[in-house]
Amino acid sequence: MRTYAISGAASGIGRAAKELLEADGHRVIGIDLRDADVIADLSGAQGRASMVRDVTAISGGRLDAVLAVAGLASNSAATARVNYFGMLATLEGLRPLLEQSDAPRAVAVASMAVMFPHDAELAAAFEAGDEAAAVARAEVLAKEEGQAIYATSKRTIARWVRRAAPSADWAGKGIALNAVAPGVIATPMMADSLASAENRRQLESMVPMPLGGIAKAEDVAELLRFLSSVENGHMCGQVVFIDGGADAVMRGDTIFPLT
Ligand SMILES: NC(=O)c1ccc[n+]([C@@H]2O[C@H](COP(=O)([O-])OP(=O)(O)OC[C@H]3O[C@@H](n4cnc5c(N)ncnc54)[C@H](O)[C@@H]3O)[C@@H](O)[C@H]2O)c1
């Protein structure tokens, strides 16, 4: 039996992962705004600190895996706070607990939206760790139509995973850190976008998914199960697309250019 901490465990992908891992006989400490073992608001410093304190107390100071799933998709400053700084605080804040495990694993949930246009100023604020500047820029972007806040938060968290995973703090401590990049998954987050046939068609044209179309939260949970398992001892810094082929269609072989 392993002990997991999962943020966003009350709904969608986080909830599906919690159910799958509990059915496997593991212990899961769920973190969320509601309906969770640890109630915490990851949009601010206080909630992030109380999350680390409470997970440490409940777990006895040892975790085998952390799944950082909690996120927002709204075009708002809250998305910048939760998706980048909240996710980073979850992974970095709980990392010392992973050091106590024989087979420690961590997974961040990014998105296929890493491929969508990003905002350079917001990305720079994220990567400088400047939350006040990121929020100020997000408040400007939120006045315009678009997904730049979400796409930038996911792109920068994917970049962070690739930088951090091979470093002394992670690989150096034997912790396998990776990310997943889902396509469109039918969860409460997407309920509005999937509510009408017209919205659905629009989404499907933005995110081509020739293999199976819109997926279920359980499909992503299966991948999270593997990435956080004892068996996954050698993947490091990968961003695994689980998107019905959207990445293969949109980027094709451009990621492996021939000179
Ligand atoms: N559904 C999709 O199509 C899709 C695609 C790509 C990536 N994702 C990512 O997957 C992750 C999970 O999304 P989902 O689709 O399961 O959505 P969801 O809305 O069903 O679940 C998200 C969970 O995160 C929690 N959360 C939000 N803000 C929080 C905060 N401030 N503090 C603590 N918890 C908070 C919510 O309460 C909720 O339980 C997100 O990071 C999302 O960006 C989803």
Side-chain angles (χ1 to χ4, degrees), residues 5-20 28-52 54-55 66-91 93-94 107-116 131 135 147 149-158 161 179-195 199-200 203-204 206-207 209 212-221 223-224 227 239-244 246-247:
I6 303 182
S7 71
S11 176
I13 294 168
R15 180 176 171 166
K18 181 177 193 300
E19 288 172 358
L20 198 62
V28 177
I29 300 168
I31 304 157
D32 211 304
L33 292 168
R34 60 187 163 80
D35 301 333
D37 306 291
V38 170
I39 304 294
D41 182 352
L42 298 173
S43 69
Q46 216 180 329
R48 294 168 198 152
S50 75
M51 178 277 293
V52 172
D54 291 354
V55 173
V66 174
L67 306 184
V69 187
L72 295 171
S74 58
N75 187 31
S76 68
T79 295
R81 287 184 178 281
V82 177
N83 291 17
Y84 187 81
F85 296 103
M87 201 169 272
L88 213 59
T90 305
L91 292 162
L94 298 177
V107 189
V109 175
S111 167
M112 63 67 64
V114 296
M115 293 187 285
F116 289 154
E131 191 160 357
V135 167
Q147 279 297 310
I149 300 171
Y150 184 76
T152 307
S153 71
K154 294 302 186 181
R155 186 182 287 227
T156 48
I157 209 75
V161 165
V180 298
V184 181
I185 315 296
T187 67
M189 175 181 276
M190 299 305 291
D192 288 346
S193 311
L194 297 174
N199 287 358
R200 220 181 158 93
L203 201 60
E204 282 166 346
M206 271 171 66
V207 186
M209 295 173 289
I214 294 164
K216 303 188 301 295
E218 291 72 17
D219 297 322
V220 183
L223 177 58
L224 293 172
L227 291 174
V239 179
V240 184
F241 285 77
I242 173 161
D243 63 355
D247 171 42

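Just follow the structure's listing: the first ligand is 1, and inside any ligand the first atom is 1. Just so it is clear, the values below take in all heavy atoms, side chains as well, and ignore hydrogens, waters and symmetry mates.
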Report task. Report yes if some heavy atom in the side chain of Ile13 is under 4.5 Å from a heavy atom in the side chain of Met189; otherwise report no. Result -> no
Query - Whether over 12 other heavy atoms sit under 6.0 Å from Arg48 CZ - result: yes
Query raised in the report: Considering only heavy atoms, which protein residues lie less than 4.0 Å from any atom of ligand 1?
Result: Gly8, Ala10, Ser11, Gly12, Ile13, Asp32, Leu33, Ala40, Asp41, Leu42, Ser43, Val69, Ala70, Gly71, Leu72, Val82, Val109, Ala110, Ser111, Tyr150, Lys154, Pro182, Gly183, Val184, Ile185, Thr187, Pro188, Met189, Met190
Report task. Please step through side chain to side chain contact (heavy atoms under 4.5 Å, CB included) for the pair Val109 and Leu224, ending with a clear verdict. Result -> CA-CA 9 Å; Val109 175; Leu224 293 172; 4.2 Å; yes
**Report entry** Distance-minimising heavy-atom pair for Met112 and Val207
**Finding:** CE-CG1, 3.8 Å
Report task. Looking only at non-hydrogen atoms, find the nearest pair between Ala36 and Ile31 and report the distance. Result -> CB-C, 3.9 Å
Report summary line: When Leu203, Ile185, Asn199 are each screened for side-chain contact (heavy atoms from CB on, under 4.5 Å) with Met190, the one that passes is Leu203
